Every structure is written in structure tokens, then in C-alpha cells.
Protein chains: 2
Amino acid sequence: MDSRTRHRAAEQAPPPSRIERLCIERGLKMTGQRRLIARVLSEAEDHPDVEDVYRRALALDSKVSIATVYRTVRLLEENGILERRDFGGGRARYDPADRGHHHHLIDVDTGKVIEFADEEFEALARIMAGRLGFSLVGQRLELFGRKAEAEPPRPELRRRTKEKSS
Amino acid sequence: MDSRTRHRAAEQAPPPSRIERLCIERGLKMTGQRRLIARVLSEAEDHPDVEDVYRRALALDSKVSIATVYRTVRLLEENGILERRDFGGGRARYDPADRGHHHHLIDVDTGKVIEFADEEFEALARIMAGRLGFSLVGQRLELFGRKAEAEPPRPELRRRTKEKSS
DNA sequence: CTAGTTGCAAAGCGTTTGCGTCGGC
DNA sequence: GCCGACGCAAACGCTTTGCAACTAG
């Protein structure tokens, strides 16, 4: 039943999350709150906004203030660990940067966000920048689409309201 | 001295601006303020934010409130006359929609914005959406670049501060 | 021990809105 | 004359910040 892997006190030393490791690599001071937030972000498979991170952190463990979440995501962004995104709707959303470059397709009917990558586009982007006399430093590509033959659109999703999804 | 056309007082009836014409086409009520804002936008060759429009409108003529500028650009956006853009830096910036689809290259050192269009990219965007099972409704492409062999970068421009440019 | 982090509440900033008045059509 | 636009100031939602207590290294 038991072999050689960690089976001492299961609660005592949870292994550092993916993002916590990145923090340590850059020499950031690791506090309890930062570890917690790092874990939430490591486990996230979507593009959470600050409130999402805050809620999940509270649910997962205990005391964090939303100010700390704001400070931490900003710190992580400044260290290249997170990327800030804006999909419309006012709030910033965050995307771990260690999953490679990708872009987003936003389903305009449901608000769902799909990630994708495209070699051909990467190349074209470099070419387009080159044509204008620039070398490419960064890029942002978002496609807005509608399912090819899909259910009726939900009109209330288009205008500046709450917006919540992936 | 008076015949049938208006050549009375040269100041009396300035010809409608490009954007004013679009407003009339869509049957929008044209007030003095809207005419003024439409003119500012018609004459703009950059991507002004609301404050820019407000300042230029004040300089050009007289009394407008910033609330009206906000209400008007929103109205124009909802009528497809303007497009709202976000180049980072918190404020929305506006782009007359009647100049055809184009994208932006932002010079990361100076903050200047260059417009460009690219057939090849348009086609690729449709293809990428298609691959994911979507039909393309809209798109957003921004390239961030640095002049191929240029002056030293201005580091203070990268972080969330004022930001002012094209 | 000390520089850096946290929580709290208040401030900031861009944007929206309620309301009484005014102005196009 | 009526419906809608305007100006003003207050409200709003997201984000940042000053301050005092605390904590990782």
C-alpha cells in the first residue's frame, strides 16, 4: 500500500505549487498569503479576475484581504509570472505566463474563452511588425466568434454589464 | 444681397463634419454639443480618450460637460460610428469606424500608435476561428514593438501610469 | 533585527446616473 | 409641446495606498 513517496503528515508540508516555485526562483519572499494565492492560481484553469482569486483563496484556506490579492497579482505580473488580460467588462483577468504563448477566442454568445496557439500567426505577426520597421516585442490577439451552427444568441451578454465566465 | 442659398454670415452654417453626417444618416438628434463633439472626432487623426475629446471641444468652441462627452461617445459607439479601444492605461480610446478595419502597432518606447491593415491576417483570422468551430464576428490585434535600430528605451513608459500619446 | 508584507479603511480614477432644466424637432 | 439631451454633482466599481501591526529571512 505504501511505497517511497511522501506519506508522512499529509497536512504538514504541502508541496510548493507550480507558481510558488516560480516565485522562489525569482527570490520573492514567500508569506502564507502568497503561497495561498500562488496555489489558487496554479490550480486555476480559467482566467480569473481578482475577485475570483480572492473568493477561491478564502474558500481554500482562511484570512486574506483583497488588497493583498491585488498587491500579489501585480507583483506576479511585474515578475513575468502572470499576464494581465482584458476581455472587456472592466476587470483585469489573469493568466499564468508559464503555459506558453497563446491567444483567445471569445464566444460572443456565451462569454466563454477558448485558448489557442498558432505558429502561422506568430510568424505573420513578426513579419507585419517588420514591415513597419519594428521588431516584435509583444502581441495581443483576440478573436470574437459565434459557434458555426449554434443555439440562439443571448443578447444580454453584449453590453457593458457584469460578464462572468471562463 | 440675399438670394436663395446661404451665403449670409460666413460663420452661420459651417458644413456638417464627416461624423455629423453619419449621425444624421442614423437619425440621431443633432444638438450643438453633439455637432461639436462630432467635429472634434472628425478632425482627430489619433485615438483620443474622453478627456482629449473634452479638452478639444472646449478649446474649439465653448460649453460642454464631460458627462455629455461620455454620453455622446457611448451613443456613437452603439451606433457603430466609433469603436472603443483599450491600449492599456485605464482609459478607453476612440477610433472612428469609417476608416476601414485596421489594427495597431504600439511603440513600447514612445507609446505612439501606428495603424495598419493586413489582408493576409484577415484571412488567417477567419481560418483560425473556423478551425475552432466558430465563425468570426470580430477581432482585436495589437502588436507591441520597438524600432528596429532605435534610440534608448524610456523605461518609465511601461508601468500603469498616465500614458499619453497618439 | 529589519526590510518588506498585511489588513483596514480611505482615497483615486475613469465612468455612469438621477434630477431639474433646457432645447431640437 | 413633448421627448430627449444637458449640466451638475453624487454614486459606482475596480484598483491603489497610507498607516500601524506583524513576519520572513
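Note that the structure is a prediction, hence the values are computed from the model and not measured. Throughout, a chain's letter reflects where its sequence line sits, starting with A, and its residues are numbered from 1.
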| task | Would you mind reading off the distance between A:D52 atom CG and D:dC14 atom C1', rounded to a whole angstrom? | result | 14 Å
| request: Report the distance from atom CG of B:L76 to atom C1' of D:dA5, rounded to the nearest whole Å. | output: 14 Å
| query | In whole Å, what is the span from the CD1 atom of B:I66 to the C1' atom of C:dT17? | reply | 15 Å
| Check: B:R34 side chain, B:K29 main-chain N or O, donor-acceptor pair, under 3.5 Å | yes
| How would you label the contact of B:R34 with the nucleic acid (heavy atoms, under 4.0 Å): base, sugar-phosphate, or nothing? | sugar-phosphate
Tabulated below should be each protein N or O lying under 3.5 Å from an N or O of nucleotides 21-25 of chain C; please produce it.
{"residue": "C:dG23", "atom": "N2", "partner": "B:K29", "partner atom": "NZ", "Å": "3.4"}
{"residue": "C:dC25", "atom": "OP1", "partner": "B:M30", "partner atom": "N", "Å": "3.0"}

| Integer-rounded Å distance: D:dT15 P and A:D49 CG | 7 Å
| said: With a 4.0 Å cutoff (strictly under), does any side-chain N or O of A:R74 reach OP1 or OP2 of D:dT15? | reply: no
| Would you call B:E43-B:R39 a salt bridge at under 4.0 Å N-O? | yes
| Phosphate oxygens OP1/OP2 of D:dT23: is one of them under 4.0 Å from a side-chain N or O of A:Q33? | no
| note | Among the nucleotides C:dA9, D:dG13, D:dC6, whichever has the atom closest to the side chain of B:R71 is D:dC6
| Gap between atoms CG and P, on A:D86 and C:dG14 respectively (whole Å) | 16 Å
| Any idea how B:H101 and B:H103 line up, ring-wise: parallel (<30°), tilted (30 to 60°), or perpendicular (>60°)? | parallel
| query | Of all the nucleotides listed (C:dT15, D:dG7, C:dG7), which has the minimum atom distance to the side chain of A:V64? | reply | C:dG7
| query | Within this structure, what is the CG-to-C1' distance between B:L36 and D:dC6, rounded to whole angstrom? | reply | 13 Å
| Of all heavy-atom pairs between B:L36 and B:A57, which one has the smallest distance, and what is that distance? | CD2-O, 3.7 Å
| message | Quick one, A:H47 with A:E83, criterion side-chain hydrogen bond (donor to acceptor under 3.5 Å, both in side chains). Give me CA distance, side-chain angles, the key distance, then yes/no. | response | CA-CA 10 Å; A:H47 304 85; A:E83 280 175 16; over 6 Å; no
| request: In whole angstrom, give the distance that lies between atom CD1 of A:I37 and atom C1' of C:dG7. | output: 12 Å
| query | Rounding to a whole Å, what distance do you find between A:R26:CZ and D:dG25:C1'? | reply | 20 Å
| With the threshold set at 4.0 Å, does a side-chain nitrogen-carboxylate oxygen contact exist between A:E78 and A:R74? | yes
| query | Looking at B:Y70, does any N or O in its side chain come under 4.0 Å of the phosphate oxygens OP1/OP2 on C:dT15? | reply | yes
| query | Does C:dC8 have OP1 or OP2 sitting under 4.0 Å from an N or O in the side chain of A:S65? | reply | no
| note | Which of A:I19, A:T68, A:L60 passes side chain to side chain contact (heavy atoms under 4.5 Å, CB included) with A:I37? Answer is A:T68
